[in-house]
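Count residues from 1 along the sequence. Please read all numbers here as calculations on a predicted model, not as lab measurements.
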Amino acid sequence: MLKSLSGGALGRDFTASIVVFLVAMPLCMGIAVASGVPPEKGLITGIIGGIVVGLLAGSPLQVSGPAAGLAVIVFEIVREQGMSALGPILILAGAIQFVAGLLRVGGWFRAISPAVVHGMLAGIGVLIVVGQFHVLFDDKPLSSGLHNLIAMPGQILGLSNGDAATAFAVGLVTIFSMLGWEKFRPASMKLVPGALVGVVAATLVAFTLGLPVARVVVPESIIGAVTLPEQGLLAQLLNPTVITTAIAIAFIASAETLLSAAAVDRMHNGVRTNYNKELSAQGIGNLLCGFAGALPMTGVIVRSSANVQAGAKTRMSTILHGIWILGFVALLPWLLREIPMAALAGILVITGVRLVSVAHVKHLFHLYGPLPAIVWAATLICVVATDLLTGVLVGIGLSVLELLPHARRLRLNVEEESRGEAHEVALRGTATFLSLPKLSAKLESLPAAGLVILNVERLGHIDHTCAEMLREWVDRRRGAGAPVELFGATGRLRHIVA
């Protein structure tokens, strides 16, 4: 924290915190709406994620808050079990994450295939788009992604309804303002987020013209939005349905958080993520969100990348952004009540579309062949057609197929030898996601400066999960100015790290 208070770092962190605050405000409310809960629930999660998790996090520049990746599963919980079930589920999920961090299992979440993770995010993106499409018309999403998809033509045909057409027009103002700003904004204002511009434009249009559209509803006091657990909490925590759902949320939130942290590490050359500390911090955050009756949280890549790009140097930026959210909600709740619901839906439609990364699946197919692309597609389809957990489990099950040809020789030996200022790391055997935590820990433990020689002459096979981790590590190290050489690389491996 002393580093955070130094003059230069504090100035950069202060300005970055303003940028992150402006990005986070509309997303916190929009994700709450997509989750089927009042907007203030998302703001409470943003406050806890900023102030509490920001203070404890193992990834100093990562920003935590409500995530689009969990909106679908929360919507299902609220629809099937009611709002009262969300608190106990988050308390249990947070406890699982906290203990998992203490048991040092954080690194294992990085072993999840990138095809599964991106397939999951793509499926979530599709569900958000087809659900929020109906909110664009001041309507409510239906019970499943497939039902929402089937009902989409009916919304367009129902535009003869004046109020629905007005709400849709407000949503389009948001979308076009957001996209137009991101494409044509001047370089001097590149840090002003498109989502904020979209919300402001739609709110001004609706206010100036007095349009009859649904608006955000928030309580007079943020304290009034806090919902403590009801009596019988212990009985709820022992409910098998609550336990199963909590495990699913803990697993998905942890995977999204730690993969986001790995992405943030690639954006800067500062302190690397302590994955176990980050996992425990997220657990504490979700525990508090459970007791406050708020949304679950994860580390969020959109806010985190905005934080890094705005020049943040320490965790103080994340903490300050949470303080700004708290101050805004406490002092200006009347301003939030002027925001049209269709404007938040417009932001989430764009967010959902961007989660469907076709470029990533092309990258996997180009480098590793059809299996990762099949895993990605199967995960996406199962998430949309069934539910989030089923889709992830199907994806993980399919990714195990990559192990079958090497089932009798899955061992990986990692040997390090110092040669003056150079270090040689020799890999022998089979590198799969099962050995990724050990390999990643060894690579991250190498000195930041000096030549590293990766000897892969006796590496029999490397799967796409390990290969992606290795490629990212090489890119990051070379980007920091530290040389990396490969000895014995052939075929795919030589191409990956070229």
Side-chain angles (χ1 to χ4, degrees), residues 67-69 72 109-130 145 149 179 182-183 194 252 255-256 258-267 300-302 304-305 309 348-385 388 391-405 431-433 436 440 461-479 486 489-498:
V72 175
F109 283 94
R110 295 184 67 194
I112 300 173
S113 162
V116 175
V117 175
H118 285 274
M120 176 191 77
L121 293 175
I124 290 167
V126 171
L127 291 174
I128 288 173
V129 170
V130 299
L149 185 63
L179 296 177
E182 291 175 351
K183 185 173 181 62
I252 293 167
E256 187 170 344
L258 298 181
L259 287 161
S260 171
V264 172
D265 279 351
R266 294 196 296 272
M267 298 177 189
V300 193
I301 191 60
V302 174
S304 301
S305 60
Q309 291 165 11
L348 285 164
V349 166
I350 299 299
T351 302
V353 169
R354 288 173 175 171
L355 285 174
V356 186
S357 177
V358 177
H360 185 81
V361 73
K362 288 181 178 178
H363 161 81
L364 291 175
F365 181 81
H366 175 68
L367 288 181
Y368 309 111
L371 181 58
I374 292 170
V375 171
W376 180 90
T379 304
L380 186 161
I381 292 169
C382 289
V383 166
V384 173
L388 202 59
V392 170
L393 292 176
V394 167
I396 292 174
L398 288 174
S399 64
V400 172
L401 293 176
E402 201 169 359
L403 297 178
L404 294 181
T432 67
F433 66 86
L436 186 144
S440 176
H461 172 74
I462 183 168
D463 70 2
H464 77 276
T465 305
C466 257
E468 279 291 280
M469 183 277 293
L470 188 62
R471 181 186 63 82
E472 291 167 359
W473 178 84
V474 170
D475 287 348
R476 186 170 67 246
R477 191 171 179 90
R478 286 176 174 169
L486 258 72
T490 58
R492 177 197 295 174
L493 192 58
R494 175 185 290 175
H495 179 64
I496 289 170
V497 295

Any heavy-atom pair between the side chains of [Y] and [X] that's under 4.5 Å?
{"X": "His118", "Y": "Leu364", "result": "no"}
{"X": "Cys466", "Y": "Phe433", "result": "no"}
{"X": "Val384", "Y": "Leu127", "result": "yes"}

Q) Which pairs with one or both residues in residues 355-382 pass salt bridge (Lys or Arg N to Asp or Glu O under 4.0 Å), sequence neighbours excluded? A)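 Sorted result for residues 355-382: empty, none.
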Q. Thr351: what forms a side-chain hydrogen bond (donor to acceptor under 3.5 Å, both in side chains) with it, not counting sequence neighbours?
A.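 Not a single residue meets the side-chain hydrogen bond (donor to acceptor under 3.5 Å, both in side chains) criterion with Thr351.
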(Q) Test of understanding: with salt bridge (Lys or Arg N to Asp or Glu O under 4.0 Å), list the residues that count as partners of Arg354, not counting sequence neighbours. (A)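 If we apply the salt bridge (Lys or Arg N to Asp or Glu O under 4.0 Å) test to Arg354, skipping adjacent residues, the hits are Glu182.
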Supply the atom-to-atom distance [X] [atom1] to [Y] [atom2], rounded to the nearest 0.5 angstrom.
{"X": "Ile381", "Y": "Trp376", "atom1": "CD1", "atom2": "CH2", "result": "8.5 Å"}
{"X": "Arg471", "Y": "Ile462", "atom1": "CZ", "atom2": "CD1", "result": "11.5 Å"}
{"X": "Leu348", "Y": "Leu355", "atom1": "CG", "atom2": "CG", "result": "10.0 Å"}
{"X": "Ile374", "Y": "Leu401", "atom1": "CD1", "atom2": "CG", "result": "9.0 Å"}

Residue pair [X] / [Y]: nearest heavy atoms and the distance that separates them:
{"X": "Gly123", "Y": "Leu380", "value": "N-CG, 3.9 Å"}
{"X": "Ala67", "Y": "Val300", "value": "CB-CG2, 4.4 Å"}
{"X": "Val383", "Y": "Ile124", "value": "CG1-N, 4.0 Å"}
{"X": "Thr465", "Y": "Ser113", "value": "OG1-CA, 3.4 Å"}
{"X": "Asp463", "Y": "Thr432", "value": "OD2-CA, 3.3 Å"}
{"X": "Met120", "Y": "Ile252", "value": "SD-CG2, 4.0 Å"}

Q. Angle class for the His363/Tyr368 ring planes (parallel below 30°, perpendicular above 60°, tilted otherwise)?
A.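 Ring orientation, 0 to 90° scale: perpendicular.
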Q.
For Pro114, is there any backbone N or O sitting under 3.5 Å from a side-chain donor or acceptor partner on Glu468?
A.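 Side chain of Glu468 to backbone of Pro114, a donor-acceptor pair under 3.5 Å: no, none is there.
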Q.
Checking the side chain of Ser260 only, and the main-chain atoms of Glu256 only, is there a donor and an acceptor separated by less than 3.5 Å?
A.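 No; judged by distance alone, with no hydrogens or angles, the pair does not exist.
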